[in-house]
Every structure is written in structure tokens, then in C-alpha cells.
**Q** 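What follows is a single structure, and I will ask about it in a moment.
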Amino acid sequence: MSPEIFDPLYTPVQFLKGVGELRGERLNRIGVKRAFDLLFNFPRDYLDLTEQVEIDRLEPDKIQTIVGSIESWESRSTRRGKMHALFVDCGKKFVKAIWFNMPFVLRDFARNRRVMLTGKPKFDHPFWTMMHPQITYLADNEDGNEFEIEPFLPIYPLTEGLKQHHLRKIMREMLPEYAQKLEEVFPQDFLTQHQLMPIADAVKAIHFPSDKQQIIYAKRRFVYQELFILQLGLAIRRLQHRTKLKATPLPSNRSIDIRIRRRFPFQLTDSQENAIKEILNDLSQSIPMNRLLQGDVGSGKTVVAIYAMLVAVANGYQAVFMAPTEILARQHLRTINRMLEDSRVNIVPLLGGQRPAERANILQEIASGAANIIVGTQAIVYGETPFHKLGLVVIDEQHKFGVMQRAALKSNEKFDPHYLVMTATPIPRSVAMTVFGDLDVSVMRGLPPGRQKVVTYISNAEDRAKWQDFVARKIRENRWQAYVVVPLVEESENFDARSLNEVYEQLSKEVFVGFKIGILHGRMSTEEKDRIMFDFRTGEIEILIATTVIEVGVDVANANMMTIESAERFGLSQLHQLRGRIGRGKKPGYCTVFTSNSTEESQKRLEVFASTSDGFKLAEEDLKIRGAGDLFGTQQHGIPPFKIADLSRDKEIVEEARKDAIEMVLSDPGLANPEHSKLRRQVLKRYGAALNLGDVG
Ligand code: ADP
Ligand code: MG
């Protein structure tokens with residue numbers, strides 16, 4: 001027998017006072033099965049009865065709320081249809097509520113029942129009247145003068161066949177008794193120190209708060225708890241990582257630094273210097289670096305990575321640089337080869353389309369240690385690459401991974417390599433601290449000097465011809481190049497999205513006649529893609545029609561015009577990535593977005609996009625609009641979704657919980673202190689598997 005059945009909190013809801021079989025079943029249907037679930041079935045909002053207006057203070061034509069009890073009602077047919085009117089006694093004066101053709105409002109009318117009306121009143125002698133007000137029943141019995149004792153009434157998530165006032169009544173009955181039985185996970189001192197409401201008080205307050213402040217405090221307690229438990233898990237994982245894994249220190253020094261810098265054709269920016277400093281510090285330790293380098297598109301992450309790789313090489317170790325796509329891997333290869341021309345560093349590619357003999361040769365060089373820097377796609381490198389002495393792994397343009405996905409790359413060495421992960425997806429701090437909570441993060445903001453502004457226009461169909469004329473003229477007169485980005489390859493997937501081939505046909509035959517136009521999409525073979533990119537880079541192609549394969553990292557300085565079709569189909573961060581492809585050279589960039597099926601929401605999103613080029617701002621907006629789970633795939637990566645916390649709204653609490661959790665784990669690494677045992681249990685229960693925490697301690 002499980003001890004649960006002795007725990008009153010596990011009482012099935014139907015046995016609670018005022019519930020019964022039928023309501024019990026309805027509650028079960030929304031996952032509320034036990035007393036415990038009922039306590040945690042938090043209101044989604046509140047009716048604020050303190051904001052009700054006294055009848056003598058009503059003002060005409062302004063939305064207001066008034067409370068009173070039903071005196072009488074009438075129904076009759078009128079020219080406008082069936083009318084129902086309700087007379088509500090608000091202290092010997094009456095408000096007349098009127099509805100046309102809404103017979104269902106009649107259903108719950110009963111004399112003396114207290115109701116709340118929200119609407120725009122008019123004085124229509126001798127009554128104040130409200131047309132089609134919203135009506136809320138406050139209690140189901142005559143003696144219910146609840147608004148005098150409860151200034152806020154909870155509004156629960158919708159439950160079919162269960163009225164708000166039923167649920168309120170049930171809660172009123174059970175709350176005092178059962179809230180008291182909840183177990184407090186935080187030590188008393190901790191609660192005081194961090195200004196957290198004790199659990200019983202918080203649960204009571206969240207259902208029936210006495211004022212607005214209480215709602216805030218009660219919510220804060222639950223949000224904090226949820227975030228703190230995760231941060232404890234992350235802090236423990238970090239600590240485990242630090243104590244279990246060992247890396248070879250790869251220190252730098254002045255002469256290495258000078259030799260590396262000589263290779264760069266420009267002065268590093270402050271952001272780059274800063275990131276390098278943090279990376280060098282990590283590399284010099286015997287704990288593997290585990291760092292995320294976050295830098296907006298074009299902020300110059302590649303150079304930072306090259307710097308780090310050269311430090312590894314200077315120490316006699318190999319470094320591997322992995323990109324998500326072939327196009328990008330080749331571009332990096334070119335950049336690195338150019339910078340390290342006539343140096344002794346041996347750079348080898350691991351790419352698709354290499355002939356077997358060539359591949360064997362390269363693998364041989366990697367295995368013998370003759371290869372110093374290996375550049376390839378993740379797909380290929382993660383195969384059986386026989387590293388000789390792998391010191392550093394750089395993963396470029398990684399934006400879809402969380403705590404689970406840093407698969408191990410090993411070499412003959414018994415030590416683990418250092419990891420540097422780069423992303424151009426600006427991640428709001430609160431999300432980074434959560435999804436990447438066990439990584440150290442370096443942030444590079446701003447762009448290197450000389451980078452050009454990109455002007456963004458949101459255009460409608462009428463502007464199309466004008467924009468196309470502009471593009472054509474700039475190509476003809478100034479030899480500029482242009483991208484046209486289209487959401488999908490196949491027409492069949494969505495009618496509104498202009499498919500690549502359709503766009504190609506139309507543009508080459510009707511609009512850009514005589515121009516050299518190319519197509520690029522993800523289904524092409526590697527060779528084809530390479531040929532197209534080569535032609536585009538050399539100017540052989542003037543207009544490149546592409547899907548989002550050009551999204552990440554591609555750098556063609558002369559291409560500074562971009563058309564984005566069906567822009568409503570892209571997320572803000574994705575649009576930002578796309579736009580980051582232009583304005584990379586010495587000329588300003590021009591980006592024009594067209595929509596094919598725009599909604600109010602997407603229009604708003606595009607306006608935000610046009611208004612700023614700050615990727616971090618856009619990411620914050622994206623987070624607000626779409627939520628963290630959707631945006632950063634937190635859920636796919638083993639972190640269960642939050643129940644209460646919201647990474648956009650609760651930013652400050654994330655920071656606080658993180659700081660507090662790190663502090664607790666530093667002073668009590670295994671949460672072995674008996675005071676922490678309940679916290680420990682919660683961490684293991686919720687995140688033990690996801691974070692691979694093992695036994696802890
Ligand atoms: P991203 O961070 O998007 O990967 P890249 O590393 O591709 O950016 O750099 C974008 C462009 O800026 C490249 O052409 C690069 O050569 C240039 N760049 C990088 N650092 C500097 C710098 N310190 N000064 C001037 N140009 C720079
Ligand atoms: Mg890059």
C-alpha cells in the first residue's frame with residue numbers, strides 16, 4: 001500500500017465538500033483529481049470587486065462595473081427581437097440591464113442573486129441602463145454577500161459544466177484545511193531572507209487575495225520556487241561537470257598572442273577582445289571550457305573562434321571547427337585558409353563529396369596529428385573522426401540545442417576537449433540562463449566598425465514594381481547583388497507561399513529579364529549548392545533566389561539588397577538572421593519584406609522587425625510573442641515546460657533564483673544538509689533524468 005492514501009492531500013476531489021460525483025468527474029477531466037491538484041489549480045485572473053462603482057458615481061458611456069442583487073426581470077418581443085431586461089438593486093436604486101436576442105442570459109436569473117454587471121451605462125430616466133453588459137454571478141445563494149468579505153474573486157481556467165461560483169465555493173470550503181497540510185520545501189530562514197511567502201499562505205492568497213499586492217507576492221513565491229528548483233539542478237550539473245571532467249590546459253602567452261594577431265587584417269573590437277579574454281581564461285584551466293559565445297549576426301565571431309583554435313594549435317593540440325551546413329563550412333575554410341596563408345598550420349576539410357581516397361588521406365592526417373585544424377560539417381565530424389590530440393571543439397551557428405545535446409567528441413587523449421559553441425541567435429538572458437544554464441556565456445553586442453546599416457521596408461503589392469526597378473537599376477549601374485528569399489520549395493505545401501520555381505519563372509521572364517539569376521535551396525546536392533554559391537560570390541549570379549539555407553552565416557559582401565517574400569511566415573529571429581546577410585560590405589543594405597497572408601499579429605511583428613536591427617531586442621520580442629518553449633525548443637531538450645514561470649515576464653526572478661541556487665550549491669554541493677532535503681527531492685524528481693544528475697552528492 002502506498003503511503004499516499006494516508007495523505008489527505010491525495011483525497012480524490014469528489015470526496016471534498018461541495019464537489020460530489022458529477023463535479024468530481026468534470027474536474028478530473030481537466031486533470032484535477034486530488035485535493036492537491038485543486039490547490040494548485042490557480043486562477044487565471046481575478047474579478048476585482050474593489051473597482052466596482054457605486055451607483056451614484058456612474059458616469060455615462062464609460063465601461064464600469066457595478067454589483068447588486070437581482071430584483072426582477074422581464075422579457076418581451078420588440079421590433080429588434082426578443083428583449084430580456086434585468087433590474088438590479090444597487091442599494092435601493094436600480095440598474096436595468098438589457099439584452100436583445102440572447103435568451104441564455106435568462107437562464108440563471110433568480111431573485112436576490114448577486115450579480116456583477118460590466119458595461120457602458122446610460123441614464124435613461126428613471127434608471128441607469130446597460131446594453132448587453134457582461135454579467136457575472138457572484139454567489140449561488142441568497143445570503144451571499146461575498147463581495148464584502150472578498151475584494152478579489154478568482155477566475156479559474158474554463159471547465160465545461162462547472163461554474164466559477166461552484167468552484168469558488170469548493171475552494172472556500174477546502175482551502176483553509178488543506179493549504180495547511182502542504183509541505184514547505186524551503187527552510188524558514190530562507191523564506192524570510194528571500195521574502196517568500198510560506199506555502200500555505202501563498203496558496204490561500206493566490207485563490208483569495210485580500211489585495212493586489214498579495215497576488216503579486218503569492219505568484220512570486222511559486223514562480224521563484226519553480227525557477228529555483230531548475231537552477232539548483234543546473235548548478236549541481238555544472239559542479240558535477242567541473243569535478244568529473246578533465247581537460248588539458250591550453251595556456252596562451254604574449255608571443256602566442258602576437259603571432260595570432262598578426263594574422264588578422266583588422267583591429268579586434270572591444271566585444272571580441274572581451275570574449276577572447278574569457279575564452280583564454282577557460283582554456284588555461286584543467287576543467288573543460290563549456291562556453292556559449294552569443295553574438296549578433298555579423299558581430300565577428302569567426303575571428304574569435306580562429307583565435308581560440310590557434311591557441312590550441314600553439315599548444316600542440318588539434319582544433320575542430322564545425323558548421324551546420326556545407327556552404328558555411330566551406331566559407332569558414334576559405335576564411336581560415338586566407339588568414340593562415342603561408343603559415344605552418346595544416347588545415348584540412350571534412351566535407352561532403354570528397355572522394356574516398358581523398359577522405360582516407362585526410363583521416364590519416366587527422367589520426368597522425370599532422371592535421372592541426374579540421375573544418376567540417378557536424379554531420380561528418382560526428383562520424384568516426386580519429387582525432388589524434390583534440391584540444392578544442394568549436395561549434396558554429398548552433399541555436400537549437402539545450403543542456404542535453406553536447407555530445408562528446410573524444411580523441412586518443414584521456415582528457416576531454418574544451419568546447420566553444422557559437423550562436424548568432426541572440427538569446428534573451430533569462431532563456432540563456434535556463435536552456436543553457438550549465439554553460440558559461442559570453443555575449444558580443446554591436447558590430448565591427450564599418451558595418452553598414454540596413455534599411456528595412458514593409459511593402460505591399462503596389463510597391464513591388466518600384467522596389468524591383470530599384471533593384472534592377474542598382475545591379476545594372478552599381479553592380480550590386482540581391483537576394484530574394486522565399487519560404488518554401490514546394491508549392492503544394494502552402495498556396496500563399498510563393499514557391500521558388502514560380503518566383504524564378506516570373507522574375508526571369510517578366511521582371512529581371514536579361515539578369516543572371518540563380519536558385520539555391522536545401523534539396524540541392526552539395527556540388528550544386530557550392531557551384532551556385534561560388535557563382536554568386538564571384539558575381540556570376542546577380543540575383544539569388546533562395547530559401548532559408550542562406551540564413552546562417554553566409555557572407556557575400558557585395559550582396560546588399562534583399563527581398564523577403566511571405567515574410568509573415570518567418571519568426572522575428574529568423575528574419576533577423578536573413579537580413580544579417582546584407583549590409584556586410586561597404587555599402588548600406590536594403591531589405592524589403594512582402595506579405596502574402598498577413599494578420600494583425602504578423603503585421604505588428606514585422607513592424608518591430610523594421611524598427612530595430614538589434615537582435616537582442618528582437619529576441620525579447622519573439623520571446624514575448626511566442627514563448628520560450630516554442631522558440632528555443634526547451635521542451636525538446638529535456639527540460640519540462642514551466643507550469644507557472646514565464647521567461648519573458650519573470651526575467652528578474654530568473655536572475656535571482658539562479659544566483660541563490662548557485663550560492664546554495666556552493667555551500668552544500670549535494671544538498672546533503674537535512675534542511676535542504678525537500679529541495680533535493682524536488683530537484684531529483686523534476687530534473688534528475690533530464691539533467692542526468694545521477695545520485696547527487
Ligand atoms: P558572425 O559573428 O555573424 O559569424 P563573421 O565572423 O562572419 O560574423 O564576421 C562578419 C564580418 O565582419 C566578416 O566579414 C569579418 O571579416 C568582419 N570582421 C570581423 N571582425 C572584425 C573587426 N574587428 N573589424 C572589422 N571587420 C571585422
Ligand atoms: Mg558566423
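For ligands, and for the atoms within them, numbers begin at 1 and follow the listed sequence. Just the heavy atoms: all of them, side chains too, but no hydrogens, waters or symmetry mates, feed the values below. Predicted, not measured: the structure shown is a model, and the values here were computed from it.
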**Q** List ligand 1 atoms under 4.0 Å from V297, heavy atoms only on the residue side.
**A** 3 (O)
**Q** Tell me which part of P448 gets within contact of ligand 1: side chain, backbone, both or neither, using heavy atoms under 4.0 Å.
**A** side chain
**Q** Relative to the heavy atoms of T269, which atoms of ligand 1 are at a distance of less than 4.0 Å?
**A** 23 (N)
**Q** Would you call G298 a ligand 1 contact, heavy-atom distance under 4.0 Å?
**A**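 So G298 counts as touching ligand 1.
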**Q** Using distance alone, with no hydrogens and no angle criterion, decide if Y307 and D257 have a side-chain donor and acceptor under 3.5 Å apart.
**A**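 There is such a pair between these side chains.
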**Q** Can you find a non-hydrogen atom of G295 under 4.0 Å from ligand 1?
**A** no
**Q** Is the contact between Q267 and ligand 1 made by the side chain, the backbone, both, or neither, using heavy atoms and a 4.0 Å cut-off?
**A**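 Just the backbone.
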**Q** Check R479, E542, Q481 against N558 for a side-chain hydrogen bond (donor to acceptor under 3.5 Å, both in side chains) and give me the one that passes.
**A** Q481
**Q** What is the minimum heavy-atom distance between H418 and Q285, and which atoms define it?
**A** CE1-O, 3.5 Å
**Q** One thing to verify: whether K624 and E621 come together as a salt bridge, which I'm taking to mean a side-chain N less than 4.0 angstrom from a carboxylate O.
**A**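 A salt bridge links E621 with K624.
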**Q** Over 60° means perpendicular and under 30° means parallel, so classify the ring planes of F515 and F512, tilted if in between.
**A**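 Plane angle over 60°, so perpendicular.
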**Q** Which heavy atom of L351 sits nearest to which heavy atom of R359, and what is that distance?
**A** O-NH2, 2.6 Å
**Q** Under 4.0 Å from any heavy atom of T302, which atoms of ligand 1 are there?
**A**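 So the answer, numbered in order with elements, is 4 (O), 5 (P), 6 (O), 7 (O).
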**Q** Counting only nitrogen or oxygen atoms and a 3.5 angstrom limit, does G300 reach ligand 1?
**A**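 Yes, G300 has an N/O under 3.5 Å of an N/O on ligand 1.
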